[in-house]
Amino acid sequence: MATVTATSNNETKKVKLKLIIDKPANKVLFAEAEKDFVDILFNLLYMPFGSVIRLLRDAGMVGCTGNLYQSLENLSEALLITNQTNVELLKPLLKWEKESLLLLQACPQPVERKLYGCPFYHSYVTNQKNTCCPQCPNYYLNSELTQVNMVPACEGGIVKKSVAFTVTDDLSVTPGSMISGIGLLKGKLKDAFGALEERVVDIGPDEVLELFKASFQTNEALSTVFLPHEERVHGMKII
């Protein structure tokens with residue numbers, strides 16, 4: 001089960017995730033997750049490519065795409081068209097306004113583009129301040145508009161809060177929990193289930209980044225991130 005806790009350092013939220021581990025194979029079979037962790041995983045799919053490259057570049061695994069990112073980062077804004085900036089291109093907004101808190105801590109903060117409207121309420125909007133209003137040419141679109149999140153805060157993210165999910169080692173996500181059933185069987189079939197171990201792990205920004213990196217390198221992402229290296233070596237699962 002995934003639950004959210006707050007640490008004392010600036011009230012940083014962390015997710016506690018319950019893993020089921022096959023001890024002889026030194027492998028995570030699956031994890032029981034709730035909304036917070038599943039939102040983190042699915043949110044990775046919505047990340048703009050610029051944010052992906054920055055994260056992977058910092059982790060040392062992007063190849064020549066890192067050079068492409070750095071080229072734009074170093075490019076003088078005098079060479080860009082008037083409504084573009086380096087920061088806006090390299091740190092674009094995500095799909096929705098209310099992103100995962102853990103992902104925001106792991107990723108560069110996006111810069112919101114300001115919008116301006118006509119002071120006489122004509123239906124024109126621009127991101128370039130002091131653009132002439134097409135309907136009243138003697139006036140400019142310079143009234144800053146307030147962007148409103150159309151999704152209520154209680155419905156932020158992707159999946160519903162009331163649903164439990166099972167996440168396998170290869171990050172396949174399915175609705176429903178298997179841990180409760182295993183707990184009932186353990187009391188009756190001790191020998192068969194003696195090789196299984198339940199382990200609770202904390203997930204913060206560092207673990208999110210490690211999961212993201214592992215998802216490009218292996219089909220055993222949970223095992224790679226959450227099993228200690230010596231356990232993986234002992235089980236001949238060197239990665």
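Only heavy atoms go into these numbers, but all of them, side chains included; no hydrogens, no water, no symmetry mates. Along the sequence shown, residues are numbered consecutively beginning with 1.
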Could you measure the distance from the [atom1] atom of [X] to the [atom2] atom of [Y]? Nearest 0.5 Å is fine.
X: Ile53; Y: Tyr69; atom1: CD1; atom2: OH; result: 9.5 Å
X: Glu197; Y: Leu29; atom1: CD; atom2: CG; result: 11.0 Å
X: Asn86; Y: Ser76; atom1: CG; atom2: OG; result: 8.0 Å
X: Ile20; Y: Asp169; atom1: CD1; atom2: CG; result: 13.0 Å
X: Arg199; Y: Leu19; atom1: CZ; atom2: CG; result: 7.5 Å
X: Thr174; Y: Phe30; atom1: OG1; atom2: CZ; result: 9.5 Å

Between [X] and [Y], what is the shortest heavy-atom contact and its length?
X: Leu196; Y: Asp22; value: CD2-CA, 4.2 Å
X: Asp170; Y: Ser172; value: OD1-OG, 3.0 Å
X: Leu222; Y: Leu211; value: CD2-CD2, 3.9 Å
X: Lys16; Y: Val200; value: CB-CG1, 4.0 Å
X: Thr166; Y: Gly176; value: OG1-O, 2.6 Å
X: Gly117; Y: Leu145; value: N-CG, 3.8 Å

Does any part of the side chain of [Y], heavy atoms only, come nearer than 4.5 Å to the side chain of [X], both counted from C-beta?
X: Phe212; Y: Val52; value: yes
X: Ile21; Y: Phe226; value: no
X: Leu75; Y: Leu72; value: yes
X: Cys136; Y: His122; value: yes
X: Leu141; Y: Val125; value: no
X: Thr131; Y: Tyr124; value: no

Is [X] reaching over with its side chain to a backbone N or O of [Y], donor-acceptor style, under 3.5 angstrom?
X: Lys35; Y: Val159; value: yes
X: Ser223; Y: Val28; value: yes
X: Thr218; Y: Ala214; value: no

Going by the rule salt bridge (Lys or Arg N to Asp or Glu O under 4.0 Å), which residues pair with Glu77 if we only count those two or more places apart in sequence or in a different chain?
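Checked Glu77 against salt bridge (Lys or Arg N to Asp or Glu O under 4.0 Å); zero matches.
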Same cluster for [X] and [Y] if Ile/Leu/Val/Met/Phe/Trp/Tyr side chains link at under 4.5 Å?
X: Leu68; Y: Phe216; result: no
X: Tyr116; Y: Phe120; result: no
X: Leu115; Y: Tyr139; result: no
X: Val173; Y: Val163; result: yes

Under a single-linkage rule joining Ile, Leu, Val, Met, Phe, Trp and Tyr whose side-chain heavy atoms are separated by less than 4.5 Å, which residues share a cluster with Tyr140?
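Tyr140 clusters with nothing; isolated.
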Applying salt bridge (Lys or Arg N to Asp or Glu O under 4.0 Å) as the test, list every pair that has at least one member in residues 41-52; sequence neighbours left out.
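Found none.
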